[in-house]
Amino acid sequence: AILSYDSRSGNVTVTSAKEPGKAIVISRTDAGVTACDENGKVLFTSEKNGDGSVTVYNAEHEAVRTFSSLTVEQERQGLLD
């Protein structure tokens with residue numbers, strides 16, 4: 001995968017090395033992040049919950065997974081180490 005960062009928008013674009021025409025754009029929102037295809041169609045969103053957990057929603061805004069606050073913190077620390 002090829003990652004690129006747009007400092008003006010803060011978006012990260014992920015492009016497949018095998019399929020360069022299929023990019024995913026990851027953008028921050030007030031509540032979490034949104035992943036869209038190259039045409040702007042929402043694929044997934046994530047939202048931070050009041051207890052520190054994070055829920056991931058599909059394009060129809062149906063919850064597909066929730067990560068506990070402990071898991072979120074462990075993953076955050078893993079990235080910072």
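Values below: every heavy atom of this structure, side chains too, minus hydrogens, waters and symmetry copies.
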With no hydrogens and no angle check, do the side chains of T55 and N49 hold a donor and an acceptor under 3.5 Å apart? yes
More than 12 heavy atoms from other groups under 6.0 Å of CG on D30: no
Check the surroundings of atom CD in E75: do more than 12 heavy atoms from other residues, nucleotides or ligands lie under 6.0 Å from it? no
With rounding to the nearest 0.5 angstrom, report the [atom1] to [atom2] distance, [X] to [Y].
X   : Y   : atom1 : atom2 : answer
S53 : E73 : OG    : CD    : 13.0 Å
T34 : E47 : OG1   : CD    : 8.0 Å
R65 : S46 : CZ    : OG    : 13.0 Å

Mind checking whether [X] and [Y] sit in one hydrophobic cluster, side chains of I, L, V, M, F, W, Y counted as touching below 4.5 Å?
X   : Y   : answer
V54 : L70 : no
V42 : V56 : no
L3  : L43 : yes
F44 : F67 : yes

Shortest non-hydrogen contact between H61 and T45, atoms and distance: ND1-OG1, 3.9 Å
Closest non-hydrogen atoms of V12 and Y5, given as atom of the first, atom of the second and distance, are CG2-CD1, 4.0 Å
Are the side chain of N58 and the backbone N or O of E60 linked by a donor-acceptor pair below 3.5 Å? yes
Does I26 reach the side chain of V14, with side-chain heavy atoms less than 4.5 Å apart? yes
